[in-house]
Amino acid sequence: MSAPMKLGMIINYAGEFAETVDLLVAYEQAGLELVGIPEAYSFDAVSQLGYIAAKTERLEIMSAILQVYSRTPALLAMTAAGLDHVSNGRFTLGLGASGPQVVEGFHGVKYDAPIGRTREVVEICRKIWKREVLDHAGQYYKAPLTKEDGGTGLGKPLKLINHPVRSDIPVSIAALGEKNVALVAEISQGWQPLFFHPEKAAQAWGDALEEGFSKRAPELGELDIQLQIPFSVGEPAPEAVAAVRNQLALYIGGMGARDKNFYNQLACRYGYETEAKDIQDLYLSGRKAEAAAAVPQDLVDAVALFGDEDQLRVKLDALYAGGVRTLLTSPVAPDDADKVEHMRILAGLLAERRSA
């Protein structure tokens with residue numbers, strides 16, 4: 001049986017973090033169930049997640065996302081177990097590969113084999129959470145590191161000292177490429193796609209999902225698509241719509257090199273090949289406003305949750321039919337009171353769906 005849709009929220013890593021956390025009680029009373037924290041190359045997400053865990057009692061928390069290159073697999077497992085401990089079992093480990101601009105540019109770590117590394121990271125984390133002795137000899141990670149592999153020869157197999165609150169912490173993976181999505185469908189409880197177009201998702205990822213699901217262990221259950229999406233009840237402010245359009249232009253046009261832009265490739269798989277090329281050409285030539293204007297209106301409408309209650313019902317039906325089970329909303333109302341009220345209305349619409 002399919003799970004009902006859960007109401008979550010993304011808290012931005014830049015600006016007004018403390019003020020937003022102070023509002024979490026009001027958001028929770030309005031129906032919020034989960035909070036996600038992103039991590040790019042700003043403040044780390046882990047400290048903020050720990051702060052939220054201390055400030056709340058029932059809200060679920062998740063990373064959205066921690067990338068797999070800058071922390072060792074064992075440290076990711078320890079961090080997840082620690083956050084699950086301080087939140088009393090409320091944490092989901094969101095992982096992703098990020099991209100070479102961040103991994104190599106900011107962390108100075110080679111960006112290679114994102115699919116193989118992600119698979120091994122998840123495998124190692126699950127071993128550690130079960131308190132198995134870690135003896136992993138993979139293609140990309142080896143623990144203990146033997147003398148033959150460049151170590152001192154003094155390392156020995158160890159297991160986690162503490163007993164985790166849960167031996168199987170949920171894992172969610174951000175992915176866009178077809179091979180990455182196939183991996184997600186095979187090994188992960190959750191999937192965090194960006195710019196998810198519910199009517200075009202099957203043509204972008206249908207074969208990849210089918211491939212992954214054919215190898216999926218039954219105990220993983222239904223794949224939980226956890227969707228980051230800007231949100232407003234009623235007609236959004238023009239600047240809110242412009243922000244969606246500008247973000248799409250940035251990602252499709254300028255997020256990565258011309259031949260290594262995952263978001264541009266996704267737009268092409270959605271069927272916007274001509275538009276994607278135009279957006280990239282304009283953006284990379286410095287004509288950012290023209291690039292934003294070239295973003296198809298259909299795509300803007302699909303990746304935002306804007307509208308009156310009847311329009312929202314239709315959009316929620318489409319998202320649910322597309323497999324979305326968790327909304328990670330970004331409220332765009334002009335003030336905090338409106339944001340909380342909009343969240344209350346959305347929670348009511350989700351409750352209405354559950355009781356239908």
Side-chain angles (χ1 to χ4, degrees), residues 2-13 17-18 20-39 44-66 76-96 122 125-126 129 164-174 184 188-194 196 219-229 231 305 316 319-320 323-331 339-340 342-344 346-351 353-354:
S2 295
M5 194 176 282
K6 183 180 296 182
L7 181 55
M9 174 181 175
I10 286 285
I11 295 183
N12 204 321
Y13 48 76
F17 172 77
T20 303
V21 173
D22 288 342
L23 278 170
L24 283 179
V25 172
Y27 278 118
E28 188 172 23
Q29 290 172 347
L32 185 68
E33 299 168 273
L34 179 148
V35 173
I37 298 289
E39 183 179 83
D44 76 290
V46 175
S47 59
Q48 297 177 75
L49 286 162
Y51 183 81
I52 292 172
K55 289 281 188 176
T56 59
E57 294 183 356
R58 294 184 303 278
L59 281 178
E60 296 179 36
I61 57 175
M62 71 181 299
S63 51
I65 47 104
L66 305 180
L76 283 166
M78 293 165 63
T79 299
L83 285 169
D84 208 45
H85 171 66
V86 298
S87 66
N88 196 27
R90 292 182 280 143
F91 179 65
T92 292
L93 176 61
L95 295 170
V122 173
C125 283
R126 287 175 171 158
W129 296 332
V165 174
R166 294 180 292 176
S167 61
D168 188 16
I169 296 169
V171 172
S172 172
I173 300 174
V184 169
S188 182
Q189 283 99 339
W191 174 30
Q192 296 180 50
L194 197 58
F196 183 85
E219 58 267 23
L220 289 174
E222 181 184 31
L223 181 66
D224 179 5
I225 300 181
Q226 300 152 335
L227 184 61
Q228 295 188 32
I229 190 164
F231 159 64
L305 191 58
L316 290 172
L319 291 172
Y320 194 85
V324 175
R325 297 296 178 264
T326 299
L327 295 173
L328 296 173
T329 61
S330 298
K339 289 178 181 178
V340 172
H342 287 191
M343 197 71 77
R344 185 192 65 76
L346 183 55
L349 295 177
L350 295 181
R353 288 181 52 82
R354 291 169 185 165

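Of the possible polar contacts, none joining the Trp129 side chain to the Pro164 backbone as a donor-acceptor pair under 3.5 Å is found. A donor-acceptor contact shorter than 3.5 Å links the side chain of Arg354 to the backbone of Met5.
No side-chain heavy atom of Trp191 sits less than 4.5 Å from a side-chain heavy atom of Gln226. Thr329 is listed as a side-chain neighbour of Leu346, based on a closest heavy-atom distance under 4.5 Å. Residues Val184 and Leu223 have side chains in contact (heavy-atom distance under 4.5 Å, counting atoms from C-beta outward). Residues Leu7 and Leu34 fail the side-chain proximity criterion, which asks for heavy atoms closer than 4.5 Å. Annotation: side chain of Asp84 is not in contact with side chain of Thr92 (no heavy-atom distance under 4.5 Å).
Summarising the geometry, atom CD1 belonging to Ile10 is positioned 4.5 Å from atom CG belonging to Leu328; distances are rounded to the nearest 0.5 Å. Between the CG atom of Leu32 and the OH atom of Tyr27 there is a distance of 8.5 Å, given to the nearest 0.5 Å. Expressed to the nearest 0.5 Å, how far CG of Leu93 lies from OG of Ser63 amounts to 4.5 Å. Note that OG of Ser87 is 11.0 Å distant from CD1 of Ile52, once rounded to the nearest 0.5 Å. Separation of atoms CD1 (Ile11) and CG (Leu49) is listed at 9.0 Å; rounding is to 0.5 Å. Atoms CG and CD, from Leu194 and Gln228 in turn, are 6.0 Å apart once rounded to the nearest 0.5 Å.
Atom CE of Met78 has 12 or fewer neighbouring heavy atoms from other residues, nucleotides or ligands inside a 6.0 Å radius.
Asp224 has no carboxylate O lying under 4.0 Å from a charged side-chain N of Arg325, or vice versa, which leaves the two without a salt bridge. Using a 4.0 Å cut-off between a side-chain N of Lys or Arg and a carboxylate O of Asp or Glu, Glu33 and Arg58 do not qualify as a salt bridge.
Ring geometry, Tyr51 versus Phe17: the interplanar angle falls from 30° to 60°, so the pair is classed tilted.
Every residue two or more places apart in sequence or in another chain that forms a side chain to side chain contact (heavy atoms under 4.5 Å, CB included) with Asp44 is listed here: Glu39, Val46, Ser47, Arg71.
The two atoms that bring Phe231 and Met343 nearest to each other are CE2-N, 4.0 Å, heavy atoms only. Nearest heavy-atom pair, Val86 versus Ala53, reported as atom, atom and distance to 0.1 Å: CG2-CB, 4.1 Å.
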Just do the salt bridge (charged side-chain N to carboxylate O under 4.0 Å, His left out) check on Glu57 and Arg90 with the steps written out, would you? CA-CA 9 Å; Glu57 294 183 356; Arg90 292 182 280 143; over 6 Å; no

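If you run side-chain contact (heavy atoms from CB on, under 4.5 Å) between Thr326 and each of Met62, Gln192, Lys6, Glu60, only Lys6 comes through. A side-chain contact (heavy atoms from CB on, under 4.5 Å) with Leu76 is found for exactly one of Val171, Val122, Leu95, namely Leu95.
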